[in-house]
Asks: 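This is the structure I have questions about; it appears just below.
Each chain gets a letter, A, B and so on, in the order its sequence line appears, and its residues count up from 1.
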Amino acid sequence: MMSELRVRFAPSPTGYLHIGGARTALFNYLLARKEGGVFVLRIEDTDVERSTQESVDAILQAMDWLGLSYDEGPFYQSERYGLYKSKVAELLEKGHAYRCYCTPEELDAKRKAAIQSGGKPRYDGTCRNRADQPDTPFVIRFKTPCDGTTAFVDRIKGAISVENTELDDLIIQRTDGNPTYNFVVVVDDAEMGITLVIRGDDHVNNTVRQIPMYQALGYEVPEFAHVPMILGADKKRLSKRHGATSVMAYREMGYLPEAMVNYLVRLGWSCGDEEIFSMNDLIEKFSLENVGRSAGVFNPDKLLWLNEHYIKTGDPERLAVLVTEILAGQGVDTALGPDMPAVVKTLQDRAKTLVEMAEGAHFYFEAPDTYDEQAAAKFLASDKRDVIELTIKHLTGLADYSHDGVETAFKAVMEESGLKFGKIGPTVRVALVGGTVSPSIYDVVAVLGKDAVLTRLQKALASLG
RNA sequence: GCGCUCAUCGUCUAGCCUGGUCUAGGACAUCGGCCUUUCACGCCGACGACAGGGGUUCGAAUCCCCUUGGGCGUACCA
C-alpha cells in the first residue's frame, strides 16, 4: 500500500524515553505502518546544554525494545545548522525577521512590568522597527503578523484558532547563533516533507506560532494531530514523583514490550470494547479518529494486568530466555537445572512480571537449605516420616516423570497410606521448595525430575531428626 | 492574570458527529462467592459515572449557552 503520508517522532535527547514520548512515537509508527507511509526519526538536540549522547542511545534502545522501527533517520538537528542559518538569512532578507538587542535582563523586567500592569507577558516589539545596528549581542526574532487570526484543523482536536495579537515575536536564533526549537522544527518538518505532525498536546500553542513561519518561508503547512497529555493519579502532568516513567524501567521490572505497547495505545485510543491488541492488530485497526481529546491518567494496575496477560499467553521458549537472563543477573546458574521452558510453563499462571517469575523459578535451581519455620513445624514434623518414606518409595519406583505419571505415583501413596492428598502434598511441597507456595506438586515433581526430587526428599527426611 | 483546550463509574473508555434502541456497555482496581493439594489462574456476582445550571425538543449523555473544575502554554527548553 503506497501513501503520501510522512510522519515523524522528534524527541529531544535530554533524558530517557518516557511513557508519554513512547506513546507519541507509537501513534506515529502505527499510522505510518497502517497507511504505508514513512516514519522519520529526528533528534532535536538544539539545546546543547542539556542534550547528551547517552539520552540518544537510551531513546533508540527503548524504541527498539518496543518494536518501533523507523524508515528514515535518525537525523540530528545539531548537524543541520547550515540549513537553519540560511533560512534565518532568508527570513531576514524578506523582512520577516529582525535583530533584537534587548538583554535577557531587560526582557525579564518588561515581562514583570507587563504582568504587574495586568498586561500580557509578551515581547513589546522594541527592536522590531529599529534602524540602527549597535555593536552588541543580539538575537533574531521572527516578525509575527500583528493582526488577523491563525487557525488550523487538528486531526484529533478539531478546529483551533488564535488571534495573532496573542502571539509575540519568537526568538529564532540565540545570541550564540544557535537556532531555537520553534524555528528548526518548522524548517525540518517542511524540509523533510512531513505531511502530518503527530505530537503531544503541549504543542498546540506552538503550532499557531509556527504556522506563520511556514508561510513566511514559503512552505506548505502540514496537518497536525495533537495527542492528549498523560497525567499522574493526582491529575498532574506525569513525572518521576508518580513512579517509574521511563519505558526501560518497566523492562527492568519484568514487563513485556507488548504489554507496554498495548497499554500505551489504549490510553487515549479505543476500538469498541476490545482491550487486547497485538502490534499487527494495531497496524490494522489504529486510526486518529478514535483517539480521544482529553488527557488520561496513567494507570500502573492496568499495565500490570496486561503484562500478566501476555506472560500467561506468551511462548514458553521466549519467556525462558528472558527469565534465564534475570536469574543469571541474580547469580543463579540455570545450566544444570530443569528445562527452563518447562519451568516457565508451571509459572505462567502465577506471575505478573518476569521478575516475579524468576523469583518463583528460583527453587528449581537451588535446593532449599533451610525450611520456612512455620511450614516445617507443621508439615515436616516427626510424624511425617512415614509419609515421606512412602513417597520416596513410590517415586523411586516411578519411571514416567510426567505430570500424569507423578499423579499416578501419588495416588498409590494415598492408597497405601489411606491418607488424603491434603496430608501428603504440603509436606512434599515444603521438602521440595522450602515453603508453602509453589506450582502444583505434580508439576513441580515432574519438572524437577527424579534425582533432584529424591535428593530433596531424603534431605527433608534427615532433617526430621 | 491572559490565551488555547478538555469534561461519562476511583482509572482507561464505548455511546455523542447522524437526539429516542441508555433503567448508560466493556476493561482495570475493589468487594463477595465458586473451584482448589498451597499460592495463583479461572469462573460467577456486587459496588460504581453522564460535573452543575439554564435552554432547544414530544424526547438530551448526545445540540446550544453559562458556571465550575482539570490540563497545556505564556523561556535566548523542547
Asks: Kindly indicate whether the side chain of E163(A) and the base of G3(B) share any N or O donor-acceptor pair separated by less than 3.5 Å?
Replies: no
Asks: On a plain distance test, is the side chain of D201(A) in donor-acceptor contact with the base of G71(B) below 3.5 Å?
Replies: no
Asks: Would you kindly compare D176(A) and I160(A) by the position of their nearest RNA chain B nucleotide and give the one closer to the 5′ end?
Replies: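 Its nearest nucleotide being more 5', the pick is I160(A).
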Asks: Please determine if a side-chain N or O atom of R293(A) lies less than 4.0 Å away from the OP1 or OP2 oxygen of U5(B).
Replies: no
Asks: Should the side chain of R429(A) and the base of U37(B) be counted as holding a donor-acceptor pair, with the cut-off at 3.5 Å?
Replies: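 Yes.
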Asks: Should the ring pair F286(A) and F27(A) be called parallel, tilted or perpendicular, given that the plane angle runs from 0 to 90° and is split at 30 and 60?
Replies: tilted
Asks: Donor-acceptor pair under 3.5 Å: do we get one between D202(A)'s side chain and the base of A78(B)?
Replies: no
Asks: Which value, in whole Å, describes the distance between the P atoms of nucleotides C6(B) and G54(B)?
Replies: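 Roughly 24 Å separates the two P atoms.
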Asks: Could you check how far CG of N182(A) sits from C1' of A78(B), rounded to whole Å?
Replies: 8 Å
Asks: Mark yes or no: R141(A) above the aromatic ring of Y123(A), with NZ or CZ under 6.0 Å from the six-membered ring centre and no more than 45 degrees from the axis.
Replies: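 Yes, R141(A) and Y123(A) form such a contact.
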Asks: Could I get the full list of ring-ring contact (aromatic ring centres under 6.0 Å, His included) partners for H403(A), not counting sequence neighbours?
Replies: Y442(A)
Asks: Let's test this: given Watson-Crick or G-U wobble pairing with both distances under 3.5 Å, identify the partner of G42(B).
Replies: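 C34(B) - that is the nucleotide pairing with G42(B), both distances being under 3.5 Å.
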Asks: Let me spell it out: for each of S161(A) and P11(A), pick the nucleotide of RNA chain B with the closest heavy atom. Which residue's pick is nearer the 5' end?
Replies: S161(A)
Asks: Over how many whole Å does the gap from R199(A) atom CZ to G73(B) atom P extend?
Replies: 13 Å
Asks: Could you state the CD-P distance from E274(A) to G15(B), rounded to the nearest angstrom?
Replies: 13 Å
Asks: I'd like the P distance from C12(B) over to A29(B), given in whole Å.
Replies: 15 Å
Asks: Any idea how Y263(A) and F298(A) line up, ring-wise: parallel (<30°), tilted (30 to 60°), or perpendicular (>60°)?
Replies: perpendicular
Asks: Is a donor-acceptor contact shorter than 3.5 angstrom present between the side chain of R350(A) and the base of C41(B)?
Replies: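 When only heavy-atom distances are counted, R350(A) does not reach the base of C41(B) through any donor-acceptor pair under 3.5 Å.
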Asks: G45(B) and U18(B): how far apart are their C1' atoms, nearest whole angstrom?
Replies: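 It comes out at 37 Å once rounded to the nearest Å.
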Asks: Whole-Å distance between U38(B) C1' and F363(A) CZ?
Replies: 12 Å
Asks: Taking only the P atom of each, what is the distance from C28(B) to A46(B) in whole angstrom?
Replies: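 That atom pair is separated by 15 Å.
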Asks: Taking the C1' atom of each, how far is G53(B) from A60(B), in whole Å?
Replies: 15 Å
Asks: Taking O4'-C1'-N9-C4 for purines and O4'-C1'-N1-C2 for pyrimidines, is C41(B) syn (within 90° of 0) or anti?
Replies: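 That one's syn.
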Asks: Starting at atom CG of D301(A), determine the distance to atom C1' of U11(B), rounded to an integer number of angstrom.
Replies: 9 Å
Asks: I'd like to know if S438(A) reaches the base of C39(B) with its side chain such that a donor and an acceptor end up less than 3.5 angstrom apart.
Replies: no
Asks: Under 4.0 Å: is that the gap between some side-chain N or O of T436(A) and OP1 or OP2 of C39(B)?
Replies: no
Asks: Relative to F138(A), does R99(A) satisfy both conditions: NZ or CZ under 6.0 angstrom from the six-membered ring centre, and within 45 degrees of the ring's axis?
Replies: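 Yes.
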